[in-house]
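See structure below.
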2 protein chains.
Amino acid sequence: MGERYLKSVRLLAECLQGFERFVAEPVRRHGLTHPQFDIIATLGNTPGMTYKELGERTLITKGTLTGVIDRLEQKGLVERVRKCDDKRSFLVRLTATGDTLFHTVFPAVVAHGKLLFADYGDGDFEQLDHALHRLRTRLDAPDLATAVPGELRAGHVPADER
Amino acid sequence: MGERYLKSVRLLAECLQGFERFVAEPVRRHGLTHPQFDIIATLGNTPGMTYKELGERTLITKGTLTGVIDRLEQKGLVERVRKCDDKRSFLVRLTATGDTLFHTVFPAVVAHGKLLFADYGDGDFEQLDHALHRLRTRLDAPDLATAVPGELRAGHVPADER
DNA sequence: TATTGTTATACTCTATAACTATA
DNA sequence: TATAGTTATAGAGTATAACAATA
């Protein structure tokens, strides 16, 4: 139980949690849930995406995606557009209203984010990026996906390590 | 839109997302949802906690907590124990079964986590912790909670920055 | 046969607010 | 009056699997 890395995992979880809280309120303020915002943010400044692409970027499975897109379509924020080359699929893209919302939300997000990093210099960013990049690379490593027979996976810190 | 910090936020989100995926499968494997696991993990190696404490540690609001605890109680993993000093509240604590589950899940989690950090030395941990700790401290800063009049909050990266 | 997206089930979480019983 | 926890309401997300249309 005394593994060195637990402290780091705990810190990551706290940063994670902090961001989630940081995000949750303004997203709701715009009448969106987090997955809905995720879709709007992913579609912004693109010509549209298929379900497959959206699923890969947001990690929402196709069955769930149907419901999320449905609600966004009801709100008039996205639309489904037929592709000619493969009639099974189509593009989901922002409507004019959705595009307006995207361009309203994003500058606000960027401006507020600046507060969080107001005192960061180039070196600070490099340190943070370097540490995170290393971890992300490790998370993507193919050997991790297969190294585990069944039970063993990670992600939480016991109370007595905190 | 070209803010330097967006890259870091993106990386953090990817690490976050990676961990969530890393966690999701084994938790389900033990028949728990993420919030349920969060409760089990939080209660492990403690004499029990009140709703208030649990809510603070897990960020689950009291109304939701009732449902989560109900389901864990139905599974025989936790129990509600009356406190004598204040009859309004009680302790939630792991049952013997819950404690066994905790002690089954956690060693597995710890062992698997080791794979992720197999090549980390002391210096590597220090770099990661330092960068994350700084960010967490910033997230906790009181001026952030009040600096924002209404609309501006952070957390996502536009598609064209990726 | 494989893939894209839909539908159907069934559950879980969430926010919010009104409610109770204690304090 | 304030606090701890419950209940009620109304969404919304999730996994899973079976399904239709198309490739």
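Hydrogens, waters and symmetry mates play no part in the numbers below; they use all other heavy atoms, side chains included. Model, not experiment: these values are computed from the prediction.
Between A:K52 and C:dT4 there is a side-chain N or O to OP1 or OP2 distance below 4.0 Å. A close approach under 4.0 Å does not occur between any side-chain nitrogen or oxygen of B:Y51 and OP1 or OP2 of D:dT3. Of the side-chain N and O atoms in B:R80, one or more sit less than 4.0 angstrom from OP1 or OP2 of D:dT6. OP1 or OP2 of C:dT6 lies within a sub-4.0 Å distance of a side-chain N or O belonging to A:T66.
Environment of NZ in B:K87: sparse, with no more than 12 heavy atoms of neighbouring residues, nucleotides or ligands closer than 6.0 Å.
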Tell me which donor-acceptor pairs under 3.5 Å the side chains of residues 61-68 of chain B have, and how far apart each pair is, sequence neighbours excluded?
residue : atom : partner : partner atom : Å
B:T61   : OG1  : B:T64   : OG1          : 3.4
B:T66   : OG1  : B:K62   : O            : 3.3

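The CZ atom of A:F37 sits 18 Å away from the C1' atom of D:dG13 (whole-angstrom rounding). Look at CD on B:E73: it is 9 Å from P on D:dT6, rounded to the nearest Å. Between the CD1 atom of B:I69 and the C1' atom of D:dT6 there is a distance of 13 Å, given to the nearest Å. Here the C1' atom of nucleotide D:dA4 and the CE atom of B:M49 are 17 Å apart, to the nearest Å. When rounded to the nearest whole Å, the span between CG of A:L65 and P of D:dT16 equals 16 Å. Atom pair A:K62:NZ and D:dA18:P shows a separation of 12 Å (rounding to whole Å applied). Rounding to whole angstrom units, CG of residue A:L32 and C1' of C:dA15 are separated by 16 Å. Put simply, CG on A:D70 is 7 Å from P on C:dT7, counting in whole angstrom units.
Atom CD of A:Q127 sits about 11.5 Å away from atom CG of B:L128, to the nearest 0.5 Å. A distance of 5.0 Å separates CG in A:L43 from CG in A:L54, rounded to the nearest 0.5 Å. Here the CG-CZ distance, from A:L132 to A:R134, works out to 12.5 Å after rounding to the nearest 0.5 Å.
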So which protein N/O to nucleotides 21-23 of chain D N/O distances come out below 3.5 Å?
residue : atom : partner : partner atom : Å
D:dA23  : OP1  : A:K87   : N            : 3.1

Protein and nucleotides 11-14 of chain C: nitrogen or oxygen contacts under 3.5 angstrom:
residue : atom : partner : partner atom : Å
C:dC13  : OP1  : B:T33   : OG1          : 2.3
C:dC13  : OP2  : B:R71   : NH1          : 2.1

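Legend: residues meeting ring pair (Phe, Tyr, Trp, His ring centres under 6.0 Å) with B:F90, ordered by chain and number and at least two apart, are B:Y51.
Ion pairing of B:R4 with A:D124 is absent here, as no side-chain N (NZ or NE/NH1/NH2) approaches a carboxylate O to less than 4.0 Å.
Among residue pairs with one or both ends in residues 63-72 of chain B, those qualifying as salt bridge (Lys or Arg N to Asp or Glu O under 4.0 Å) are B:D70-B:R80; sequence neighbours excluded. For residues 40-53 of chain A, there are no salt bridge (Lys or Arg N to Asp or Glu O under 4.0 Å) pairs, not counting sequence neighbours.
Residue contacts shown for B:S89 are limited to sugar-phosphate atoms, with no base heavy atom under 4.0 Å away.
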